[in-house]
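One structure is given here, and the rest of the page talks about it.
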Amino acid sequence: MEFNNTLELEHNLLPVVLQMELFGVQIDEPILKSLEQQLKLLRQNVYDNISIYSNEININSGEQLSKLLFEELQIEPQTNKKTKKGLYPVDKNHLESLKGKHQGKHQIVAEILKYRKIESLLKFCSKLNNINPITKRLHTNFNQNGTATGRFSSSKPNLQNIPNPTIKEDTTDELLILESQFRKLFIPAKGCCFIGADYSQIELRITAEYSQDPFLLKAYSQNNTDIHILTASEIFKLPVSQVTDEQRKIAKSINFGLIYGKTEFGLAEDLSRITDKPHTKEDALAIMTDYFNRFDKVKQCLDGLISFADKYGYSQTLWGRKRPIPELASNELRIREKGKRLAMNSPIQGSAADIIKMAMIACKNAVKNKNLKSRLVLQVHDELLFEVPKNEVEIMKQLIREEMESVVSLSVPLKIDLKVGRNWREVH
DNA sequence: CTTCTCACG
DNA sequence: ACGTACGTGAGAAGG
């Protein structure tokens with residue numbers, strides 16, 4: 001199934017995308033309606049609570065909100081940054097740091113965060129309401145070449161950003177529970193199940209492929225070990241069994257940072273958040289230097305991706321998908337730095353997009369060859385969702401795993417996580 | 001039309 | 001002195 005160029009790939013993918021768009025996905029409308037009602041009631045309660053501090057405020061207006069909090073109520077800002085209008089920002093991060101400092105004193109901050117969350121969830125309700133009257137299903141647009149890197153985008157409605165919160169069994173957070181209901185609204189047709197299959201750490205596996213770093217290659221060939229724990233054990237020079245949860249989180253932050261081109265400044269912020277103690281960018285740089293000394297092939301690989309893009313003016317995936325990076329030729333340092341991050345990230349993100357696109361074609365062909373009725377309904381970057389008649393579940397489990405894991409052959413195995421269930425939430 | 005905010009991978 | 005992690009879509013506000 002491997003393609004020599006992405007034009008051929010996209011050409012063969014077109015009918016798969018068309019079929020997904022036309023087929024659509026079923027939504028549990030009665031539960032959607034009840035979810036919407038609950039959220040509207042909650043919003044009214046929260047609005048009443050906020051009205052104690054200020055009636056007539058439009059909570060959706062950042063400008064009005066900033067003036068209320070930092071001018072009228074004289075709350076101490078936790079940042080020196082200001083928006084272009086000279087006001088203190090009211091984004092979630094800033095509000096959350098206020099909530100910590102002013103516990104009890106300014107209940108309003110917590111209520112505002114709640115209000116915002118409810119508003120955002122209600123928007124998801126309204127977009128899921130656009131059921132097609134003829135098919136009785138919800139149809140999105142999958143924009144096949146919708147991104148700079150080769151990924152799809154999804155629009156009208158966007159079904160690639162449906163809430164997917166991680167949630168503890170014993171949580172009592174009412175809003176979090178409501179938020180976790182959204183993927184339950186996506187249900188299979190009568191007589192069918194869903195099968196969800198997502199690639200496990202595909203971008204880091206691609207980093208292993210590009211870098212040929214012996215540690216990453218080995219880490220991914222022994223399939224069941226947690227890559228972040230292994231990385232932590234190398235960085236902190238500890239046996240795997242002695243790696244703490246905090247050390248694993250730091251390693252995870254570094255691993256993700258590789259893919260995005262994280263700077264020491266960004267890592268320092270992560271370190272402070274993870275350990276709950278302040279860390280300077282010098283601390284972070286020390287850890288990064290250490291990491292790149294230990295994994296010098298990774299360092300060479302990232303540098304190589306930058307010089308390639310510098311030389312040719314574009315970056316390229318493992319299957320030849322190109323992205324122009326004019327930023328590297330900018331006169332401004334800041335833009336050139338951005339260009340370097342794009343040069344590191346685009347081949348990795350783009351190669352992952354190539355792989356899942358090839359897998360979509362492979363799955364569709366295999367289903368057709370076996371005369372099965374199963375259908376692909378959604379793609380969310382590294383995840384595929386299939387609607388499967390109940391009598392095809394066993395054969396489809398095998399088929400999907402086989403096609404997705406062997407669609408291309410890299411130096412490390414590809415692995416998917418696969419689940420069967422009665423709604424989207426259950427299969428993720 | 002731009003900015004801000006917030007949802008996803 | 002500046003900004004600081006990649007890729008998206010969408011709605012509200014404000015001009």
Side-chain angles (χ1 to χ4, degrees), chain A residues 57-66 81-85 87-96 112-113 115-128 130 140-143 145-166 179-180 182-183 198-203 206-207 253-270 281 284-285 288 302 305 315 323 325 327 332-353 356 378-384 424 428:
Chain A
I57 186 176
N58 181 349
I59 303 163
N60 291 322
S61 162
E63 204 174 317
Q64 292 181 35
L65 203 54
S66 184
K81 285 182 191 153
K82 298 220 178 157
T83 63
K84 295 194 170 164
K85 293 196 167 169
L87 296 167
Y88 288 108
V90 289
D91 59 282
K92 193 161 72 173
N93 278 346
H94 190 201
L95 292 192
E96 264 163 9
I112 287 164
L113 286 165
Y115 187 89
R116 287 244 185 98
K117 172 63 84 179
I118 296 167
E119 282 275 292
S120 135
L121 296 182
L122 276 166
K123 279 179 202 147
F124 283 110
C125 287
S126 79
K127 78 185 196 185
L128 296 190
N130 291 324
T140 182
N141 295 320
F142 281 108
N143 309 307
N145 219 340
T147 70
T149 53
R151 280 186 174 182
F152 285 93
S153 75
S154 158
S155 57
K156 294 189 286 185
N158 179 356
L159 295 187
Q160 289 182 322
N161 71 342
I162 303 301
N164 191 20
T166 47
E179 189 179 7
S180 74
F182 279 85
R183 288 197 180 207
D198 60 279
Y199 279 111
S200 161
Q201 290 168 342
I202 189 165
E203 293 188 343
I206 288 163
T207 308
S253 162
I254 292 174
N255 281 334
F256 269 97
L258 295 178
I259 294 164
Y260 299 135
K262 177 151 40 193
T263 62
E264 62 264 33
F265 185 92
L267 182 61
E269 284 199 332
D270 276 7
K281 61 181 196 287
L285 185 59
M288 283 172 72
L302 295 173
L305 290 175
S315 70
R323 173 186 185 166
I325 308 189
E327 287 87 346
E332 280 184 66
L333 177 64
R334 189 173 52 85
I335 309 279
R336 284 201 305 279
E337 292 297 327
K338 169 100 177 172
K340 288 183 190 172
R341 295 195 293 272
L342 297 178
M344 293 186 273
N345 175 261
S346 302
I348 298 171
Q349 189 184 118
S351 295
I356 197 163
L378 291 178
Q379 190 258 37
V380 190
H381 309 309
D382 63 359
E383 170 194 6
L384 298 179
W424 192 8
H428 199 275

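Computed over heavy atoms, backbone and side chain alike; hydrogens, waters and symmetry mates excluded. Naming: A, B, ... by sequence-line order, numbering from 1 per chain. Predicted model only: the values in this text are computed from it and were never measured.
- Considering only side-chain atoms of A:F256, the nucleotide from C:dC6, B:dA7, C:dA5 that sits closest is C:dA5.
- For A:E179, the salt bridge (charged side-chain N to carboxylate O under 4.0 Å, His left out) partners are A:K117, not counting sequence neighbours.
- Using a 4.0 Å heavy-atom cutoff across all strands shown, A:N141 reaches no nucleic acid atom at all.
- Rounded to whole angstrom, the span from the CD atom of A:E337 across to the C1' atom of C:dA1 amounts to 15 Å.
- In terms of the ring pair (Phe, Tyr, Trp, His ring centres under 6.0 Å) criterion, residue partners of A:F142 (sequence neighbours excluded) are, by chain and number, A:F152.
- Within the model, atoms CG of A:L267 and CZ of A:F265 stand 11.5 Å from one another, a figure rounded to the nearest 0.5 Å.
- The salt bridge (charged side-chain N to carboxylate O under 4.0 Å, His left out) check on A:E264 picks up nothing, with sequence neighbours excluded.
- Among the heavy atoms of the strands, none lies under 4.0 Å from A:A352.
- Going from atom NE2 of A:H381 over to atom P of B:dA7 covers 16 Å, rounded to whole Å.
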Between A:L302 and A:I259, is the side-chain contact (heavy atoms from CB on, under 4.5 Å) condition met? List the steps.
CA-CA 9 Å; A:L302 295 173; A:I259 294 164; over 6 Å; no
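- In this structure, A:K117 reaches the sugar-phosphate backbone alone: every heavy-atom distance under 4.0 Å involves primed, P, OP1 or OP2 atoms, never a base.
- Between C:dG7 and A:K338, a contact under 4.0 Å exists linking OP1 or OP2 to a side-chain N or O.
- Applying the side chain to side chain contact (heavy atoms under 4.5 Å, CB included) criterion to A:K127, with sequence neighbours excluded, gives A:F124, A:P157, A:N158, A:N161, A:I162.
- B:dG9 atom P lies 14 Å from atom CG of A:L384, rounded to whole Å.
- Residue A:S120 places at least one side-chain N or O under 4.0 Å from the OP1 or OP2 atom of B:dA7.
- Atom-to-atom distance recorded for A:H94:NE2 and A:E96:CD is 11.5 Å, nearest 0.5 angstrom.
- Residue A:F124 is in sugar-phosphate contact alone, with no base atom involved, counting any heavy-atom pair closer than 4.0 Å across all strands shown.
- Within 4.0 Å (heavy atoms only), A:L333 reaches no atom of the nucleic acid at all.
- With rounding to whole Å, A:L87 atom CG is found 13 Å from B:dT3 atom C1'.
- In this structure, the CG atom of A:L65 is 14 Å from the P atom of B:dC4, given to the nearest Å.
- Taking atom C1' in both C:dA1 and B:dC6, one finds a spacing of 31 Å when rounded to whole Å.
- For the residue pair A:S253/A:K262, the side-chain donor-acceptor check at 3.5 Å is satisfied.
- Atom name C1', nucleotides C:dA5 and B:dC8: the rounded distance is 16 Å, in whole Å.
- In this structure, of B:dC6, B:dT5, C:dG7, it is B:dT5 that holds the atom nearest to the side chain of A:V90.
- In this structure, A:R183 does not reach the B:dC8 phosphate: none of its side-chain N or O atoms is under 4.0 Å from OP1 or OP2.
- Here the nucleotide nearest the side chain of A:K262, chosen from C:dG7, C:dA5, C:dG3, is C:dA5.
- In terms of phosphate contacts, A:R151 brings no side-chain nitrogen or oxygen within less than 4.0 Å of OP1 or OP2 of C:dG7.
- The residue A:T83 sits close only to the backbone: its heavy atoms come under 4.0 Å of sugar-phosphate atoms, none of a base.
- For B:dT5 and C:dT4, the P atoms lie 14 Å apart once the distance is rounded to whole Å.
- Note on A:R116: a side-chain N or O is less than 4.0 Å away from OP1 or OP2 of B:dC6.
- The line from CD of A:Q160 to CG of A:N143 is 8.5 Å long, rounded to the nearest 0.5 Å.
- Counting only heavy atoms from C-beta on, A:S153 has its side chain closest to C:dG9 among B:dC8, C:dG7, C:dG9.
- Regarding A:D91, its CG atom lies at a distance of 7 Å from the P atom of B:dC6, rounded to whole Å.
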Contact pattern, 5' to 3', of nucleotides 10-15 of chain C - B, S or - by protein heavy atom under 4.0 Å:
SSSSSS
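- Summarising the geometry, atom OH belonging to A:Y199 is positioned 9.5 Å from atom CD1 belonging to A:I206; distances are rounded to the nearest 0.5 Å.
- DNA chain C contains the following stems of three or more consecutive Watson-Crick or G-U pairs, with both distances under 3.5 Å: B:1-9 with C:6-14.
- The separation between A:E264 atom CD and C:dA5 atom C1' is 13 Å, rounded to whole Å.
- Across all strands shown, A:I162 has heavy atoms under 4.0 Å from sugar-phosphate atoms exclusively, and none from any base.
- Listed for the A:T147 side chain is no donor-acceptor partner under 3.5 Å among the backbone atoms of A:S153.
- C:dC6 has no stacking from A:Y260 on its base ring, since the centres under 5.5 angstrom apart and planes within 30 degrees of parallel are not both found.
- Between the OH atom of A:Y88 and the P atom of B:dC4 there is a distance of 16 Å, rounded to whole Å.
- For the side-chain contact (heavy atoms from CB on, under 4.5 Å) test with A:V90, the passing option among A:E63, A:R116, A:Q64 is A:R116; the others fail.
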